[in-house]
Amino acid sequence: MREVTFLEAIRLAMWEEMERDPNVFIIGEDIGRMGGAFGVTEGFLARFGPNRVIDAPISETAIIAVCVGAAAVGKRGIAEMQFIDFISYAFDQVVNVAATYLYRSGGKTPMPIVIRGPSGGYVGGSLYHSQQYEAWFFHVPGLKVVQPAFPDDAYGLMKAAIRDNNPVLFFEHKYLYRRIKGPIPDAHEDYIVRLGEARIRRYGNDITVITYGAMVHFALEAAQRLEREGISLEVIDLRTIKPLDMDTILESVRKTSRVLIVHEAPKTGGVGAEIAARIVEQAFEWLDAPIMRVAAKDSFVPFAEPLEKFVLPSVDDIVAAARELAAY
Amino acid sequence: MREVTFLEAIRLAMWEEMERDPNVFIIGEDIGRMGGAFGVTEGFLARFGPNRVIDAPISETAIIAVCVGAAAVGKRGIAEMQFIDFISYAFDQVVNVAATYLYRSGGKTPMPIVIRGPSGGYVGGSLYHSQQYEAWFFHVPGLKVVQPAFPDDAYGLMKAAIRDNNPVLFFEHKYLYRRIKGPIPDAHEDYIVRLGEARIRRYGNDITVITYGAMVHFALEAAQRLEREGISLEVIDLRTIKPLDMDTILESVRKTSRVLIVHEAPKTGGVGAEIAARIVEQAFEWLDAPIMRVAAKDSFVPFAEPLEKFVLPSVDDIVAAARELAAY
Amino acid sequence: MSTVSPLVRNGQHVTAHHERLTKQDLLEIYRRLWFARLFDEALYDAKKKGRLRRGNVYSSRGQEAIMVGTTYPLREDDFVSPIHRDMPVFVFRGMRLEEVMCQVWGKAEAPTRGKDSWSHMGDISKGIIHSTSMLGSTIAVACGVLWAQRMDGRHDRVLVAYTGEGATATGPFHEGLNFAAVHKLPLIVVVENNQYAYSTPVELEVPTETVAERALGYGIPGYSIDGNDVLEVYDAMCDALEHARAGKGPVLIECVTYRLLGHADHDETRARQYRPVAEIEMWEKRDPIPRFRTYLLSTGLFTEEELPNPPTDIAEQIQRAIEYAINAPDPEPHTALEDIYDEHAGVSRCVK
Amino acid sequence: MSTVSPLVRNGQHVTAHHERLTKQDLLEIYRRLWFARLFDEALYDAKKKGRLRRGNVYSSRGQEAIMVGTTYPLREDDFVSPIHRDMPVFVFRGMRLEEVMCQVWGKAEAPTRGKDSWSHMGDISKGIIHSTSMLGSTIAVACGVLWAQRMDGRHDRVLVAYTGEGATATGPFHEGLNFAAVHKLPLIVVVENNQYAYSTPVELEVPTETVAERALGYGIPGYSIDGNDVLEVYDAMCDALEHARAGKGPVLIECVTYRLLGHADHDETRARQYRPVAEIEMWEKRDPIPRFRTYLLSTGLFTEEELPNPPTDIAEQIQRAIEYAINAPDPEPHTALEDIYDEHAGVSRCVK
Ligand SMILES: Cc1ncc(C[n+]2csc(CCOP(=O)(O)OP(=O)(O)O)c2C)c(N)n1
Ligand SMILES: Cc1ncc(C[n+]2csc(CCOP(=O)(O)OP(=O)(O)O)c2C)c(N)n1
Ligand SMILES: [Mg+2]
Ligand SMILES: [Mg+2]
């Protein structure tokens with residue numbers, strides 16, 4: 001076991017996979033000589049050389065297209081978006097080129113690509129350095145979407161994503177990068193976390209809280225607070241958002257009959273909507289109360305602290321919603 | 001009253017608005033000398049001249065950016081995507097530039113833009129000429145999203161969209177262009193259909209069907225078939241998807257207690273998920289059955305007829321779902 | 001036949017590589033020109049007769065010399081990425097005519113299994129890279145294919161990416177070519193400048209006098225050549241291949257030509273309205289096939305009989321493939337949901 | 001001071017427009033250079049002292065001559081679109097220093113009402129177009145601003161769009177400049193080539209020897225000039241303005257300069273690792289401010305006292321604005337949800 005930060009867990013996973021498999025390469029802006037804006041790829045250029053660590057021009061479309069073309073002929077590219085927000089410049093490559101390639105090739109040409117980058121708010125990043133638009137990709141067939149909350153999952157999911165034969169969007173919440181520390185397995189253990197499996201991070205009986213990313217930490221804090229009030233939360237960390245682990249969700253809902261979904265993205269049209277819709281479809285009879293959602297207000301993420309706080313969900317919001325649900 | 005096709009209704013709305021307001025202009029590929037791939041802008045270049053009818057290069061980003069820049073200084077651009085699918089090339093301009101401009105300007109700089117184009121399947125258009133990804137924009141604050149089903153709505157909504165001070169995405173289902181005919185008001189009536197208001201296209205008692213676009217016609221056909229079986233559908237045509245008219249939806253749900261949502265986009269993460277989630281949030285006690293969704297299977301739209309038929313929703317699918325719901 | 005050099009339409013000569021072509025080569029080139037022409041005609045005919053009911057036919061009539069001249073000097077291990085107007089390239093690069101026709105008819109045994117249409121196919125084992133509808137994208141994707149070669153130390157494999165002149169206005173074209181130029185990737189961009197993007201004339205897409213001038217912005221060689229002269233295309237291509245294989249980076253070749261028919265089969269009437277009929281007629285006189293035939297006869301190496309006009313066996317071969325495709329089975333409906341994900345990952349051991 | 005012409009670093013002279021500048025003008029230019037420098041220093045200082053707690057400071061230290069030289073010859077009714085490293089331009093174009101500082105501190109009376117940060121502001125009434133973070137985008141947006149002028153018959157209003165050399169690799173840069181060139185819009189693209197995009201050297205962004213060569217791909221004039229020489233910048237800008245106002249289309253001016261500090265305030269240590277310290281020191285010697293001062297003194301028109309070094313009143317003025325901003329009220333939380341939609345539509349009559 002190694003005790004590492006969230007960031008270091010991601011770094012090590014990529015490093016070890018690049019050691020293991022010479023077909024893996026990374027590409028992005030400033031990832032080589034500087035080691036990335038957040039330092040996630042520090043040391044990679046020196047170790048793996050410029051053929052496998054590409055300091056790309058400011059060309060998000062080309063960055064992802066390079067991964068697409070290379071994947072078509074058997075390589076495994078990891079593309080860093082300096083901030084995940086900039087994926088808007090490469091949107092077509094993600095949804096229309098990478099996502100569809102296997103389909104268009106009649107199943108012959110898999111697309112192993114990882115698209116990763118820092119996401120999320122709470123750091124004063126303003127509109128274009130705070131985005132959390134996983135719902136766009138959640139809606140598109142052919143893609144997988146991952147967002148870990150703890151170092152061990154970040155480590156195991158990154159390894160699984162690199163070995164996966166499909167394009168995986170890997171959202172790394174920048175708020176967690178250096179704030180969260182935890183143990184990860186040693187390199188020789190060859191540990192991975194399979195994509196598509198949620199994990200219950202806290203067991204409870206009254207309310208099922210379904211969440212992912214930084215919100216897992218908020219939910220756990222809320223659960224701790226509510227424990228004192230005698231409200232017991234079960235916290236499901238989805239880890240993988242697409243494919244969605246409905247089995248784990250439904251099992252928990254059957255037990256609690258009350259559901260609270262928490263995400264950081266704007267509420268309308270977020271991933272929480274689909275989770276709610278599926279629970280209603282598949283477990284209507286088990287529900288004792290309306291499904292509630294705590295999410296960002298339908299707004300951009302503003303800059304000034306009082307504004308950002310107002311828009312993004314808080315531990316207080318989760319606590320309040322859970323109380324309401326418990327009282328229903 | 002004039003009896004026109006769906007396409008002609010859109011054409012006339014734009015024409016009359018351009019007659020009314022010299023600040024309105026249109027831009028897109030082949031919209032001038034050719035009058036557009038589908039002929040929606042036929043005659044515009046001759047009438048309004050090249051300063052207001054711009055035959056743009058194959059540059060979707062520039063096309064929408066021209067509307068953004070022009071809107072910032074008081075013009076009202078209408079951008080045609082030759083197929084709405086190509087909006088993936090201009091995604092950043094839509095979600096990060098146009099949608100946010102008012103916000104970033106502290107409320108001082110409105111963004112009157114209409115982004116329109118043919119959408120949807122059922123015509124063998126394959127992956128890139130069949131898309132129906134309104135959910136992407138539904139999730140983004142600052143945007144409005146419209147998809148009419150009938151000529152009168154297409155006409156009135158287009159006029160409202162052009163006069164609206166916000167970026168409006170206007171999805172025109174190509175399957176309806178020449179297949180659907182109907183009356184629209186005369187030009188002098190200055191008729192508009194306010195954005196954000198749904199319309200009940202058929203009253204019924206047993207099941208509320210919530211839908212939009214081409215699916216409205218499917219739902220009406222299903223309703224007719226089911227009438228013979230004694231199942232009475234109320235068909236709500238959303239017309240505007242964002243903002244969503246929850247009042248009309250809830251009023252109907254209160255009456256029927258059974259909800260079927262129908263859309264053509266892939267089911268997972270579609271607009272239907274949000275509608276279902278909101279109904280559960282706001283009208284849980286009224287529901288007598290799970291909310292059901294009929295949508296495209298989670299796939300791209302394939303080319304071959306048997307494949308396309310398998311993926312896209314059909315009248316039969318709606319009938320089957322409604323029967324199941326009625327029997328619940 | 002005259003050849004021209006970078007950015008000069010009537011300037012210096014590039015090497016006349018075509019002089020080393022054998023009689024056999026010239027005959028094969030002649031047959032390929034006809035293959036492209038007859039392929040097109042057969043599909044137009046099928047569409048008109050209602051035998052092909054779905055999809056559009058994007059004609060390459062008039063542009064055959066480009067496809068033939070650019071593919072002829074390629075090595076078997078080179079890559080190509082054809083787009084909508086380059087269907088014959090799939091066959092020149094080794095795909096079977098039957099599978100191409102099955103693709104057009106959306107049949108189960110098509111390379112895309114009926115999932116996508118027309119030119120959106122490929123075959124990685126033959127170095128053919130798939131395109132999407134979104135124009136310009138392949139130029140960027142090409143960089144990845146070539147980067148993979150660099151990783152494997154295969155610096156000599158070239159990728160030929162086709163594009164219309166209109167698509168050079170797209171962002172992905174720029175990002176791709178810029179990346180290739182920065183990294184000196186062996187990318188050859190063949191711009192099929194047929195003067196129009198759908199209805200839009202090249203002056204509204206490209207601000208320079210020639211499309212080749214775009215190359216100057218990337219510091220790479222740009223040729224502007226007669227795209228209706230198959231040997232000039234061949235010569236420019238040989239030059240470009242030498243440059244690219246030598247590790248000197250990308251090359252842009254603008255082949256000036258003309259789309260003799262509409263943008264696609266549905267566009268025939270309009271295409272004679274948005275374009276002057278006199279212009280179309282002028283370009284019909286520059287048809288690359290009779291032109292090449294006249295040239296071959298003028299060399300004295302060929303008899304009239306050696307140059308059948310058209311070679312009937314080709315038309316028959318195409319027709320057989322069409323019948324094959326028409327009679328081939330449709331895909332099973334449920335297969336629509338196959339190939340969305342590939343779950344054969346290279347996971348060695350798995351601990352949760 | 002020497003001026004250079006399209007694509008030639010040491011070539012022909014352009015008109016020495018600066019010769020018509022009065023002593024008053026030269027003094028004002030001198031003060032503006034200092035304003036930019038002191039603005040930067042004050043914010044760095046505030047950040048270091050913890051008085052500015054949110055957001056990044058993107059320094060323009062060393063690049064002041066570009067902002068001053070390009071804005072000085074503008075007319076009041078021209079447009080600009082500054083980006084992250086161009087904060088002083090907002091003030092040169094008429095925004096009050098207090099509102100700019102309120103923007104930096106995210107205060108209620110900031111132009112964005114605290115909603116966005118740093119340079120993402122504008123003021124349409126002053127012809128200042130807002131940017132987003134996504135680089136390259138403003139070049140495309142500029143086309144719309146200028147198209148609106150064309151609709152109004154105002155062909156003489158120019159838009160100056162700033163960009164780093166790195167951002168010229170983006171798709172939107174290409175689509176925008178291509179559109180402007182096709183339509184001969186009066187767009188002047190000022191490329192602040194400070195040699196690095198964050199840590200990435202220009203050779204990895206731009207394949208040509210000069211960034212100005214990108215202009216050739218659009219058939220427009222491209223200047224590559226000494227961006228640390230304010231009068232050379234001024235001269236090139238005057239030339240470009242004449243060209244653009246005459247309806248001849250866009251111009252690209254590459255101003256060669258250097259970012260003396262890190263990419264932003266958090267980057268100071270790393271920026272001395274990914275760049276050779278000797279290189280930084282060399283560019284410190286080319287600092288545009290002492291250089292201009294030496295020149296002014298050499299003309300014999302100025303005494304030492306007339307050229308205070310630095311002018312202390314400017315620093316005080318900046319400091320006052322900072323204090324103003326720090327003491328200004330924060331935005332009310334609920335205002336976060338204002339300005340997402342504008343419901344003041346121009347609807348004349350409404351029938352459902
Ligand atoms: C990004 C994008 N925008 C629009 C289209 C629609 N479209 C298909 S072909 C075409 C014209 C292409 O012109 P050009 O690149 O010159 O190629 P040509 O058809 O003339 O061979 C257009 C606009 C598209 N396929 N992709
Ligand atoms: C589309 C996009 N990709 C990445 C970034 C992150 N980023 C911010 S500044 C910067 C470097 C910009 O370099 P350059 O254009 O040369 O301007 P400079 O900062 O040197 O003035 C990068 C990569 C961004 N803002 N936008
Ligand atoms: Mg063309
Ligand atoms: Mg720079």
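Letters A, B, ... are given to chains in the order of the sequence lines, protein chains preceding strands, and every chain is numbered from 1. Heavy atoms only: backbone and side chains are in, while hydrogens, waters and symmetry mates are out. The structure presented is a predicted model; accordingly, all values stated were derived computationally and were not measured.
Between chain D and the options C:Pro207, C:Gly219, C:Gly171, heavy-atom pairs under 4.5 Å are most frequent for C:Pro207. The greatest number of non-hydrogen atom pairs below 4.5 Å with chain C, out of D:Lys184, D:Glu203, D:Glu175, is found for D:Glu175. Interface check for chain D: of the options C:Ala169, C:Gly136, C:Ala181, the most heavy-atom pairs under 4.5 Å are formed by C:Ala169.
Heavy atoms of C:Thr168 lying under 4.5 Å from chain D belong exclusively to its backbone. Looking at D:Phe173, the atoms closer than 4.5 Å to chain C (heavy atoms on both sides) all sit in the side chain, from C-beta outward.
Here D:Leu216 contributes atom CG and C:Tyr218 contributes atom OH; the two are 12.0 Å apart, rounded to the nearest 0.5 Å.
Considering C:Leu204, C:Val206, C:Val202, C:Thr208 in turn, C:Leu204 is the only one that fulfils the side chain to side chain contact (heavy atoms under 4.5 Å, CB included) rule with D:Val182. A side chain to side chain donor-acceptor pair (under 3.5 Å) with C:Asn178 is found for one member of D:Glu205, D:Arg214, D:His174 and no other, namely D:Arg214.
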